[in-house]
Amino acid sequence: MPKIKTHRGAAKRFSLTKSGRIKRAKAFKRHILTDKTTKRKRSLRQNDYIAECEARKVRELIPYK
């Protein structure tokens, strides 16, 4: 069997934790930041985790990470 290719876009966006959960950055922190409250921008800094229902799809995209 040949090796599975890693989806490079997914590899740059997601990372696996030691416990096997998939870490991701929050969206809406790129531009038009003047309209967003300081509290909202601060909460967008924290990382988040992929929902378990989506995790299987993402694991197929990053098999060796």
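Being a predicted model, the structure only gives us computed values, none of them experimental.
- Taking NZ of Lys5 as the start and NZ of Lys3 as the end, the distance is 11.5 Å to the nearest 0.5 Å.
- Between Gln46 and Arg42, the shortest heavy-atom distance links the atoms OE1-O, 3.2 Å.
- Between the side chain of Lys26 and the main chain of Ser43, a donor-acceptor pair closer than 3.5 Å is present.
- Judged by distance alone, with hydrogens and angles left aside, the side-chain atoms of Arg13 form a donor-acceptor pair with the main-chain N or O of Gly9 at under 3.5 Å.
- With rounding to the nearest 0.5 angstrom, the CZ atom of Arg30 is 11.0 Å from the CG atom of Leu44.
- Put simply, CZ on Arg24 and CG on Asp48 are 4.0 Å apart, with the number rounded to the nearest 0.5 Å.
- Geometric assessment of Arg21 against the ring of Tyr49 yields a positive cation-pi assignment under the 6.0 Å and 45° thresholds.
- Contact check for Leu61 versus Thr6: no side-chain heavy atoms found under the 4.5 Å cut-off.
- Each of Lys41, Lys36, Arg40 was scored for a side chain to side chain contact (heavy atoms under 4.5 Å, CB included) with Lys29, with one residue passing: Lys41.
- Atoms CG and OG1, on Asn47 and Thr17 in that order, are 11.0 Å from each other to the nearest 0.5 Å.
- Remark: Thr38 OG1 to Leu33 CG distance equals 10.5 Å, nearest 0.5 Å.
- Of the possible polar contacts, one joining the Tyr64 side chain to the Ile4 backbone as a donor-acceptor pair under 3.5 Å is found.
- Counted within 6.0 Å of CZ on Arg59, heavy atoms from surrounding residues, nucleotides or ligands total more than 12; the atom is thus considered enclosed.
- In this structure a side-chain-to-backbone donor-acceptor pair under 3.5 Å is present from Lys65 to Phe14.
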